[in-house]
Number of protein chains: 2
Amino acid sequence: MKTTGDQFLVKKINKSIVLDTIREHSPISRAAVSKMTGLNKGTVSSLVQELIDNGLILEIGTGKSSGGRKPVMLLFHETAGYAIGVELGVSSIRTILTNLNGEMIEEDQRPLDTTDRDQVIEELFATIQAMIERAPTSRYGIVGIGIGVPGIVDEKGQILFAPNLDWEHVDLHTLVSDQFGLPVTIDNEANAGAVGELQYGAGRSALNIVYISVSEGIGTGIMIGGELFRGTAGLSGEMGHMTIEANGRKCRCGNKGCWELYASASAHPNFDFKTLLRLASDGEADGIRGFYEIGEYLGIGISTIINTFNPELIIIGNQISRAERYITSAIQQTVASRSLSYHRKHTTIRFAQLETRSTLLGAAYYAIAGFFSKDRATLV
Amino acid sequence: MKTTGDQFLVKKINKSIVLDTIREHSPISRAAVSKMTGLNKGTVSSLVQELIDNGLILEIGTGKSSGGRKPVMLLFHETAGYAIGVELGVSSIRTILTNLNGEMIEEDQRPLDTTDRDQVIEELFATIQAMIERAPTSRYGIVGIGIGVPGIVDEKGQILFAPNLDWEHVDLHTLVSDQFGLPVTIDNEANAGAVGELQYGAGRSALNIVYISVSEGIGTGIMIGGELFRGTAGLSGEMGHMTIEANGRKCRCGNKGCWELYASASAHPNFDFKTLLRLASDGEADGIRGFYEIGEYLGIGISTIINTFNPELIIIGNQISRAERYITSAIQQTVASRSLSYHRKHTTIRFAQLETRSTLLGAAYYAIAGFFSKDRATLV
DNA sequence: TTAGTTTGTCTATCGGTTAAACTAAGTTAT
DNA sequence: ATAACTTAGTTTAACCGATAGACAAACTAA
């Protein structure tokens, strides 16, 4: 049954629009909100009053007059609540605390010397608990926890398969949810990275972007129309396993010639990523050529992505960012020669702007977005 | 500026819901619509009355009583208008006339022995004009024209590049629009096919489907959340040019190792499609093996599509359908061994149900959909 | 015949938006 | 200094569409 329209729906829509407008344009006056949104001044006034009562926005004195009465400036109350973002990596757990604007307030990093499920989860609980305790008191407290994990996650927040952790079928959502009694979102790290970059990084104001997370493997997060594309069971975006050599190397996924075997940070047959970086920075031919080859293979997959999605923006993130200067030209040249010209014209390729925080900020954003969508439904 | 909510929006939403419900469940009573949609009986009554006044639905006598007053059955008035769908092929132009339910009323096919722009367009105008004249008189007349073309079309309906017709930069939308003064939609044939299958064929009630049109080349239409995914400039879905052999055969697109070079109906190095079909039906090893190889390569690309989109359904259509029995098992085996198991579980692979009419029906649907979305906006 | 059920309409009310009047508080011109 | 103009924000009345519930119509079942 589709959602039918009634007066409450109208109010919910308009309240969202007003809140979003204030969030994006703080500080701003009621009159300006009315002009920007097209909503009547009176409507804006009453909705703003409710948002103030809800503690989500603040009046912050008067602004400059432009020939008449001074406007009362409104501010999004970014510290009315806090969100926790976690990146569960293979060798470390990183955690941040953000305000409702997604600005980082606190940070924590713990090395992981095990992949044992129980030990990792114990450490995860500890870092989250510590972050909860470090959060300032606020009206809404911790509004949620978002976690990015290196693996395949279904729509219920269950980790189906995390090869680097050697985990299978871990219902992380239930575990964390039961422990803290807070809203929890679990997603794979590439999806979270895509969300982070679109909200706070290189992809702001873009609608269709593809985020490519390149480290040991390759993961991709696909944002379509400003929304994460999840596929039927929440399993979309495993483009690391697209075939680029029909009879290529065998992959642990069962396929042959997967992209990530040729284009990831660990793709070089002789040197690992750190060694390659050292060689390249020393100007050694082995390092330079190693990265050039990786860049070429990245370009091959990126060309397919461009032809498939015709995105505004492709963002390359995670470990490989550290080799940006060594691989950029190889990528650009390969894409220029391999992708369809009309498609290429509309696509920009960039490295992640948030550096190593795309996933963390994206994870925290899940919590913030969840809070507001709930808020909009219930607090009308 | 986002659309803000007001009473008109509410009415538009509800009127759409009522109309859609009647379209999908004709014949149906007002009471049943109310129960299905959750809308109040009175609301349904008044919206139905308006739709009757608009000529979009009809009262068709009473139905069976279930222990009380007999219901008045409502019918979608499918002949209140007609739509034209055109498939501009390389060797022929096919045209259909449908009612507002997308049911074919008239059909026309004209061979094309030239790819000359002016001659083709003259023929195109002639077939459309003939179809307009064959349409029964109706309240809304011809509500629009949809055209599927074999090439890259941008969001304005301009053909950027149609290799098989040898056309570049033809503003077909303006040409047809000026000639007939009707709403016109131009899209590539794979997109139109995807829409056709989702609306009327194998993909009904699915949300995420990928339609693969396999003939001389390979085109793909991607439906996400029930909507066609168009990309930033309307150029999405050229997966025929994804790389499956990094150093494979040279493609006219500039890339190497494109999928369509290995998996299209014209991919066999020695035999053309017709010959292969004849050989296979004669039980000749060359034909059987030829199709098996094409099926394997199709399976490689389909595996990438599954891992990328995790769609509910993949539909294979166009010319290759005629070889269904020779390639099915090769496709299934390859996909089973190459795609990620979790993803594969949620995806079904089928051949087009509308046979050679996916594109035509999809093109006509563009016109119908355009009519209703306009109608909903203006006739409230 | 009577009681109960189902369909569809009608009426009062409610909650939202809007336009417009109004109050408040500034600036600019003379 | 004062009048005229501007801009900001609130209040009021009117409007519109949905809803709940009463009602009439038309049927079935006992």
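All chains are named by letter (A, B, ...) in the order of the sequence lines, taking the proteins before the strands, and each is independently numbered beginning at 1.
Counting heavy atoms of neighbouring residues, nucleotides and ligands inside a 6.0 Å radius, atom CD of B/E227 does not exceed 12 of them.
Both B/L47 and A/K41 lie close to DNA chain D; mapped to their nearest nucleotides by heavy-atom distance, the more 5′-ward contact belongs to A/K41. Toward the 5′ end of DNA chain C lies the nearest nucleotide of A/L39, the other residue of the pair A/L39 and A/K70 mapping further downstream. Checking A/V72 against A/Q7, the closest nucleotide of DNA chain D that is more toward the 5' end is the one next to A/V72.
Side-chain N/O atoms of B/R69 and base N/O atoms of D/dA26 include no donor-acceptor pair closer than 3.5 Å. In this model, a side-chain donor or acceptor of A/N40 finds a partner on the base of C/dA19 within 3.5 Å. Side-chain atoms of B/K11 stay outside donor-acceptor range of the base of D/dG17, with no qualifying N/O pair under 3.5 Å.
Here the P atom of nucleotide C/dT17 and the CD1 atom of A/I13 are 10 Å apart, to the nearest Å. Atoms CE (A/M73) and P (C/dA25) sit 18 Å apart, rounded to a whole Å. Across the protein-nucleic acid pair, A/E50 atom CD and C/dT17 atom C1' stand 13 Å apart, rounded to whole Å. In this structure, A/D6 places its CG atom 10 Å from C1' of C/dG15, rounding to the nearest Å. Rounded to an integer number of Å, the gap from A/R30 CZ to C/dT23 P is 19 Å. Rounded to an integer number of Å, the gap from CD of B/E59 to C1' of C/dT7 is 12 Å. Across the protein-nucleic acid pair, A/I17 atom CD1 and C/dT17 atom C1' stand 13 Å apart, rounded to whole Å. The NZ atom of B/K35 sits 7 Å away from the P atom of C/dT6 (whole-angstrom rounding).
Side chain of B/S29, nearest nucleotide from C/dG8, C/dT27, C/dT17: C/dG8. Listed nucleotides D/dA8, C/dT27, D/dA18 differ in distance to A/A31; the shortest reach to its side chain belongs to D/dA8.
Residue A/S45 is classed as a base contact, given a heavy-atom separation below 4.0 Å to a base. When heavy atoms are screened at a 4.0 angstrom cut-off, A/T43 is found touching base atoms of the nucleic acid. A/S66 comes within 4.0 angstrom of the backbone, heavy atoms only, and of no base. Note on B/S34: nothing from the nucleic acid sits closer than 4.0 angstrom, heavy atoms only.
Under the 3.5 Å distance criterion, with hydrogens and angles disregarded, no donor-acceptor pair is assigned to the side chains of A/E50 and A/N54.
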Report the C-alpha distance between A/V153 and A/N191 in whole Å, list the side-chain angles of each, state the deciding distance to 0.1 Å, and finish with yes or no for side-chain contact (heavy atoms from CB on, under 4.5 Å).
CA-CA 10 Å; A/V153 180; A/N191 279 352; over 6 Å; no
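A/A80 and A/G55 get closest at one heavy-atom pair: CB-O, 3.4 Å. When all heavy atoms of B/Y200 and B/L361 are compared, the closest pair comes out as CE1-O, 3.8 Å.
Side-chain nitrogen and oxygen atoms of A/N14 include none within less than 4.0 Å of the OP1 or OP2 phosphate oxygen of C/dG16.
Taking a pair to require two hydrogen-bonding distances under 3.5 Å in either a Watson-Crick or a G-U wobble arrangement, C/dC10 pairs with D/dG21.
Side-chain rings of A/F372 and A/Y365 stay apart, their centers remaining 6.0 Å or farther from each other.
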